[in-house]
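The structure under discussion appears below in the form of structure tokens.
Everything numeric in this text was worked out from a predicted model, so none of it was measured.
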Amino acid sequence: MSAGPPAPEGGAGVRGPGPLLLGVRHHGPGSARAVRAALEAAAPRVVLIEGPPEADALVPLAADKDMRPPVALLAHVTDEPGHSAFWPLAEFSPEWVAIQWALEHGVTARFIDLPAAHTLARGTEETDPGPGEDPGPAGDPGGAGRPDAAAVRIDPLAVLAETAGHDDPERWWEDVVEHRAGAARDPFAPFAVLEEAMGSLREAYGVGGHDRDLVREAYMRLQIRAAQREFGDDVAVVCGAWHVPALRRRATVGADRALLKGLPRAKVQLTWVPWTHRRLSRVSGYGAGVDSPGWYGHLFSAPDRPVERWMTKVARLLRDEDRGVSSAHVIEAVRLAGTLAAMRGRPLPGLGETTDAVRAVMCEGSDVPLELVHDRLVVGEVLGEVPESAPAVPLQRDLAQSQRRLRLKPEALEREIELDLRKETDAARSTLLHRLRLLGIAWGEPAASRGSTGTFRETWRLRWEPELSVRVAEAGVWGTTVLAAATAKAESDAVGAPALAEVTALAERCLLAGLPDALPVVMRVLADRAALDADVGHLAQALPALVRSLRYGDVRGTDTRALAGVAAGLAERVFVGLPPACAALDGDAAEEMRGHVDAVHGAVGLLGEATVGDAGSGGVRGRWHSVLGVLAVRDTVPGVVRGRAVRLLLDEGELAQEEAARLMGLVLSPGTEPADAAAWIEGFVGGGSGGGMLLVHDERLLALVDAWLTGVPAEAFTDVLPLLRRTFSAYETGVRRTLGELVRRGPAPRTHAEVTGSGSGMPGFAPDLDTGRADAVLPLLSLLLGLGDPAGTEDDPGGGTGAAAGTDTRNDLARVAP
């Protein structure tokens, strides 16, 4: 028996003969404390733990000073690293406590679950461990609580809680185990009670609808027998309580071996990897289904007064976030939590009571700061650490060395860093992050920079997730260092890229990642693909990334001369092929072509700055302006493309406003189909191009649009309305309001200067300064700049008045203005 009758008063507890079976709830702090107490009392010669036996050689690493949970055992197929499974352990996991006790006392510790070689050979279905007993190792098809098995796979805790009259299994477990585990005089009594309960469930439900447990339990029994032959009955077994009745059941060796016969096998490798509390809290995938790992860690580590210590942590967090929380708040929150526990009939305040108390007292009833408490403390952003001596693929070691050299430590909490590529260290950090992204290791994601938008600055969001260790292992097939692996991966991706745009994007990534050896291969593939691809759309998609790459030579010191010739040739092919490609397009194709025109326009601007050379008469920009001129007036080109061509020429100063207004007037004349006119308007003022402000400041264009819109026939209005709504809904609220006011006001009265042609030529602007309106703001500006009262006072006869005073003040402002 694993637990005998209660110990005599004052005794350490007794147990019957045979192995000591300690059934636990995985990741339960109460179970962890009870396991340590039982091991101290029993003092076994060997501790057997549920887990992959291939990890036995890794057990001594748990005693290393650099090992800090949460950590996980990672097993992966040697030839297929992506085929993997995790066994996560936290400081409050009973298995981790058992390992630590064995190492502290010089006792042998072994894993006895089904080998990972069999588990991974059968497949890596992701499991969804529930709050019930024995979720099984992540990735193990034998794990509990999968969605497809939910109808037949029972949750032992839910059944026991329902039997006891509780509707919440988590709360029931806290009341009967977590809050009482340390109160038993007999350290074996909790396990005896739990074994009896699980025995009743196994009698009623068998394996709970999952036959895979039979194979695992057969292997465990064989390992327990082997340990008994070596150590006698001084054997302790730490496993999920769900398995205890099956391990207690007598079965023949032959029957157990028959269940294991013929199992597939794969060659696997195991190591320790860091884990996070956030990953422990996830129910699906590689998580463990622990809703509150931070709270559990606090309960396990707090030496006394856990509620008071917890409230102190919460208060410190809220104070750091500039919320007014005093010592009185902490005292009142502790009192309220205790009162709530008493009202609810609970032995001690649990997470529910402490949360309600924090919400009412410290958060003033608001859930917004409470979400911060839940994220930072209840779950927590804890990332474990493993020693350098842990087995790892060569690529992992090279990455760890680079991280230390660049002082770029992996962290579970997302953080944002700004890199100045003019600095050697920051440039090296950028190169490393780009190489990892090319390898599919998304440790960092580029973000929009809040400062300079130049090419010398980058912003990254960094967050290390445990599964990135798998990605590193997978990328190890490409090379033993990050540089070699990224180079080989880039060359392979270039050869296998299905589209020309992907090759140009890859060339850009090679420059960002500093891969000079891969660039020639990518450029050769790029040149071959560009020569054979006649699709203007593909060429237009490929050009922007290629041209952007030309700008990296100055900042990163990369030779981009090879790109320049390809970019110029690609641009020339786009110039020649674009007008014919824009003919006879339907609505969707025209909208897509409008995007290509925008992309090419931006690329041409960069290409001209890069001084690639002359791409024809007038240079690259001159050739492009000629192409836009053709697109703007050709009737076979869709309206959305023609409108965008006119707008781009207007923005570049290649088209006068009068000419743009004339072209708009032609398109919006009664002879043009309303749908085509609406498409032209969308191309001219839509697409987030600042067209709203253009209409605000050029009332002639607005008047043309207004007159056309009011003249659209009723039968055609419903056809053009969706297109117009899409165009104008993209404007900012203030722009839409201003346009509405201008339309409601109607055309502004024309001044004498506008009538005679002596005005500025810009609607809404007079040729000279309106001194009366300017003088109205002078008092406020004088006050702000400390120049005194510009108009003088009655007590100051020297003060100027009228126009002279305004002139003097304007002169003073001119002197102090920057």
Side-chain angles (χ1 to χ4, degrees), residues 1-4 6-7 10-15 19-51 59-65 67-71 73 87-112 133-134 173-174 176-195 227 231 233-241 243-244 280 288 290 293 295-306 309 348 384:
M1 296 177 62
S2 66
V14 296
R15 66 182 181 88
L20 175 64
L21 300 184
L22 304 177
V24 300
R25 182 195 182 191
H26 298 304
H27 313 296
S31 290
R33 288 192 298 269
V35 164
R36 176 172 285 278
L39 293 177
E40 290 285 357
R45 297 171 59 195
V46 62
V47 179
L48 306 180
I49 304 168
E50 182 181 338
V59 170
L61 290 174
D64 194 291
K65 60 182 179 61
M67 177 76 84
R68 183 171 68 88
V71 293
L73 287 168
W87 285 261
L89 298 172
E91 62 175 342
F92 50 81
S93 300
E95 298 88 346
W96 180 259
V97 170
I99 292 173
Q100 293 298 316
W101 183 90
L103 293 173
E104 292 169 4
H105 293 79
V107 173
T108 302
R110 297 174 181 171
F111 292 105
I112 61 168
E133 187 45 50
D134 192 56
W173 178 264
E174 281 192 0
V176 301
V177 177
E178 301 299 336
H179 294 162
R180 302 179 188 271
R185 293 193 185 97
D186 182 2
F188 309 116
F191 301 103
V193 174
L194 198 55
E195 179 180 348
F231 298 97
D233 285 342
D234 290 336
V235 176
V237 180
V238 179
C239 64
H243 297 301
V244 171
L280 281 172
V290 181
W295 167 254
Y296 277 4
H298 170 77
L299 291 180
F300 182 73
S301 60
D304 56 13
R305 305 171 71 88
R309 294 178 183 272
L348 289 173

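Of the inter-residue distances, the one linking F300 atom CZ with S93 atom OG reads 9.0 Å to the nearest 0.5 angstrom. Between the CG atom of L299 and the CZ atom of R309 there is a distance of 12.5 Å, given to the nearest 0.5 Å. Note that CZ of R36 is 7.5 Å distant from CD of Q100, once rounded to the nearest 0.5 Å. Interatomic distance, H243 NE2 to L21 CG, rounded to the nearest 0.5 Å: 12.5 Å.
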For this session: Show your reasoning for whether side-chain contact (heavy atoms from CB on, under 4.5 Å) applies to F111 and L73.
Result: CA-CA 12 Å; F111 292 105; L73 287 168; 3.9 Å; yes

For this session: Kindly indicate, with the supporting measurements, whether the criterion side-chain contact (heavy atoms from CB on, under 4.5 Å) is fulfilled by V97 and L39.
Result: CA-CA 10 Å; V97 170; L39 293 177; 5.8 Å; no

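When every heavy atom of I112 is checked against every heavy atom of L48, the shortest pair comes out as CG2-CB, 3.7 Å. Taking both residues in full, the closest heavy atoms of V244 and C239 are given as CG2-SG, 4.0 Å, listed atom of the first, atom of the second, then distance. Across G23 and F191, no two heavy atoms sit closer than the pair O-CD2, 3.3 Å. The two atoms that bring G297 and S301 nearest to each other are O-OG, 2.8 Å, heavy atoms only. Here the closest non-hydrogen pair linking P94 and V35 is CB-CG2, 4.0 Å. The two residues A38 and L20 come nearest to each other via the heavy atoms O-CD2, 4.4 Å.
When each of V47, I49, L103, T108 is paired with V59, the side chain to side chain contact (heavy atoms under 4.5 Å, CB included) condition holds for L103 and for no other.
The closest donor-acceptor contact from the side chain of R25 to the backbone of A241 lies at 3.5 Å or more, if one exists at all.
Contacts of W101 classified as side-chain hydrogen bond (donor to acceptor under 3.5 Å, both in side chains), with partners at least two apart in sequence or in another chain: E40, H105. Every residue meeting the salt bridge (Lys or Arg N to Asp or Glu O under 4.0 Å) condition with R110, not counting sequence neighbours, appears here in chain and number order: E230.
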